[in-house]
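Below: one structure, written as structure tokens.
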Amino acid sequence: MTTTKPNRPRSMLERALRTVAWLGLATAMYLASRPAGPRDRRASVLRWSASDLADSSATVLTTALVREIISASGDTQPRRVNVELTAVPSQRARAMLGAVVGADVSVNWIDRTQASGLALSATAVAGPSGAVDVRVVGAPSSLLLVLRDAGGTLDSIPNTRVAAWRLASVSPPLRAAIGASEARVPTRLPAFTRRVMLMAQPGWESKFVTAALEEAGWHIDGRYRVSPRAAVTLGAPGRVDTARYAVVVLLDSVAVDAVAIRRFVQQGGGVVLGGDALRIPALAAISPVRVTMVRGAVAGALLTDTPQRGLEAWELVANRGAFVVRSDDSDHGHAEPALVAQRIGAGRVVASAYRNSWRWRMEGTDDGAAEHRAWWGSVLALAAGVPAMADDAVVDAYPGNAAPYADLVARVGLPVSVDGMTAAPAARALSAFDQLMDRLRAAPGLLFMVIAMALLGEWASRRLRGNR
């Protein structure tokens, strides 16, 4: 092919295409060596529906957050995700948000849940009743607080800071919901199979305390001392041992094996010292109180709303380290301890000041029998404790579903205000050249296409006129 001399316009076109190709290559080399400038922090706010947040599979949230992690993986500067939450997310969704934070993506969230501080606890009441004490805490809001278990709704009340229930039975799991936010606990209840040993002299107090405890569901073995060498038994009393007995109840100043009682407490058993049993010298080392004098009964008080003042009782002085569980008003202008507890070794010792509590049951109001039964049930529950259950679940470092709001804060951090979310760090104004470079960096394929088309056009022009 004969080479022809290009005309002036064609020559200028070839030079222009060659120049464009060289400029494109120089730009690519410059972008490869130029450090990435700070990216503009995104001010957009991600919003999900309450159903998406409460979804245990968290499909929508997972997809969106994985996209954020992937897009942030090539950035040299950390990104920020702004989230508006209308409900406390489910456990999986909270874990995903925590994973985003772990991937160096800052998560700022606006709290629109109305469930700040939501937490739920369920504690089995010690004893054979199988009852559960339930407490829910959270910030007051306009939403209802709804308590549910596997059987359905148990109660619904206006949301307050603290709510409490004593449930006779529960079908786990137990859930407390405020709007679409929910706290959940498994409530695995231990089986309470141990018995109670009651030691006393035959009399009205031992008779009606036994009746009250049996009515409450406790299984009683009794030994009533009628003489130094003889005793009347109830049930099949055996050796005082934590494998058989949960609590030993002493109601009178009877002769006891103090060494066995002390060993029983040290090994985790509970002891109740009631009435004159507080004056047994051999048990002074484990007693949580020191008795001083008898506090007389107030005439007619058994028929009032404070029937305890109608009972003769010991005036007690609590030992250091003991806890005064309940006090009664007195005529001296100060509260008198009526129920005192103290931990001794692995067990608990409870002191009850009343000497003749049977009068509460027999001479009080129509509710006297129920109140007397509830009193003694609470005293034994305080001494017995709840048997521990083995839990094979892996212990999480985070609060979990029992306190979902605290779990979210532990994984992501405290919520921010709307103003704090939109406020971004002051960034320098980019020049037109820097803006162009950022656009080319964001679209490397476009720069490659420009270089390839310029070289191809220049080469084709030369070949058409026979020049290599």
Side-chain angles (χ1 to χ4, degrees), residues 194-207 209-210 213 218 220-295 311-325 336-358 376 379-385:
R194 293 184 296 168
R195 304 174 69 87
V196 174
M197 168 66 82
L198 192 147
M199 300 180 184
Q201 295 176 356
W204 293 106
E205 182 72 353
S206 58
K207 175 181 178 179
V209 168
T210 301
L213 294 177
W218 295 86
I220 307 295
D221 287 343
R223 181 178 288 118
Y224 307 115
R225 184 73 60 181
V226 295
S227 72
R229 295 185 179 182
V232 176
T233 60
L234 172 67
R239 186 171 64 92
V240 175
D241 188 272
T242 54
R244 177 175 175 83
Y245 295 108
V247 183
V248 172
V249 180
L250 303 172
L251 297 180
D252 298 293
S253 55
V254 295
V256 297
D257 187 347
V259 175
I261 297 296
R262 288 197 295 266
R263 183 175 60 247
F264 175 75
V265 174
Q266 293 286 345
Q267 293 176 351
V271 172
V272 174
L273 302 176
D276 290 345
L278 293 170
R279 301 185 64 192
I280 299 178
L283 297 181
I286 64 171
S287 177
V289 298
R290 178 171 52 86
V291 298
T292 57
M293 57 182 298
V294 174
R295 171 163 49 96
L311 300 176
E312 192 177 79
W314 290 103
E315 291 191 357
L316 307 180
V317 178
N319 294 340
R320 178 178 297 181
F323 180 73
V324 178
V325 181
E336 292 286 351
L339 189 64
V340 181
Q342 186 173 18
R343 183 171 293 278
I344 304 293
R348 296 149 302 279
V349 181
V350 179
S352 173
Y354 304 125
R355 301 183 66 195
N356 49 3
S357 67
W358 66 270
W376 275 105
V379 171
L380 261 68
L382 185 62

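When a residue number appears, it is its place in the shown sequence, counting from 1.
- With Glu205 contributing its side chain and Trp358 its backbone, the two residues share a donor-acceptor pair below 3.5 Å.
- Contact detail for Phe264 and Gly270: the closest heavy-atom pair is CE2-O, 3.2 Å.
- In this structure, Ser253 contributes its side chain and Arg279 its backbone to no donor-acceptor pair below 3.5 Å.
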**Request:** Report the C-alpha separation of Thr210 and Lys207 in whole Å, then their side-chain angles, then the decisive distance to 0.1 Å, and conclude whether the side-chain contact (heavy atoms from CB on, under 4.5 Å) test is met.
**Result:** CA-CA 5 Å; Thr210 301; Lys207 175 181 178 179; over 6 Å; no
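- In terms of modelled atom types and a separation under 3.5 Å, the side chain of Arg223 and the main chain of Met197 share no donor-acceptor contact.
- Remark: Asn356 CG to Trp204 CH2 distance equals 13.0 Å, nearest 0.5 Å.
- Contact between Tyr245 and Ala236 at its shortest, heavy atoms only, is OH-O, 3.8 Å.
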**Request:** Assess whether side-chain contact (heavy atoms from CB on, under 4.5 Å) is satisfied between Gln342 and Val349, documenting all intermediate values.
**Result:** CA-CA 5 Å; Gln342 186 173 18; Val349 181; 5.5 Å; no
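- Sorted by first and then second residue, the salt bridge (charged side-chain N to carboxylate O under 4.0 Å, His left out) pairs involving residues 244-260 (not counting sequence neighbours) are Asp221-Arg244.
- Across all their heavy atoms, Ala200 and Leu198 have their closest contact at CB-CD2, 4.0 Å.
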**Message:** Test side-chain contact (heavy atoms from CB on, under 4.5 Å) on Phe323 and Val340; report intermediate values, then the result.
**Reply:** CA-CA 6 Å; Phe323 180 73; Val340 181; over 6 Å; no
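- Contact detail for Tyr354 and Ala313: the closest heavy-atom pair is CD2-CB, 3.8 Å.
- No donor-acceptor distance shorter than 3.5 angstrom exists from the side chain of Asp276 to the backbone of Arg355, with no hydrogens or angles considered.
- When side chains are defined from C-beta on, Val291 counts as touching Leu316, because their heavy atoms get closer than 4.5 Å.
- Between Leu273 and Ser287, some side-chain heavy-atom pair lies under the 4.5 Å cut-off.
- Contact annotation: the side chain of Leu339 approaches that of Leu382 to within less than 4.5 Å [non-hydrogen atoms, C-beta and beyond].
- The two residues Thr242 and Gly268 have their closest heavy-atom pair at CG2-C, 4.3 Å.
- In this structure, Gly222 and Pro237 approach most closely via the heavy-atom pair O-CG, 3.7 Å.
- With rounding to the nearest 0.5 Å, the separation of CH2 in Trp314 from CE in Met293 is 9.5 Å.
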**Message:** Between Leu283 and Val271, is the side-chain contact (heavy atoms from CB on, under 4.5 Å) condition met? List the steps.
**Reply:** CA-CA 10 Å; Leu283 297 181; Val271 172; 5.6 Å; no
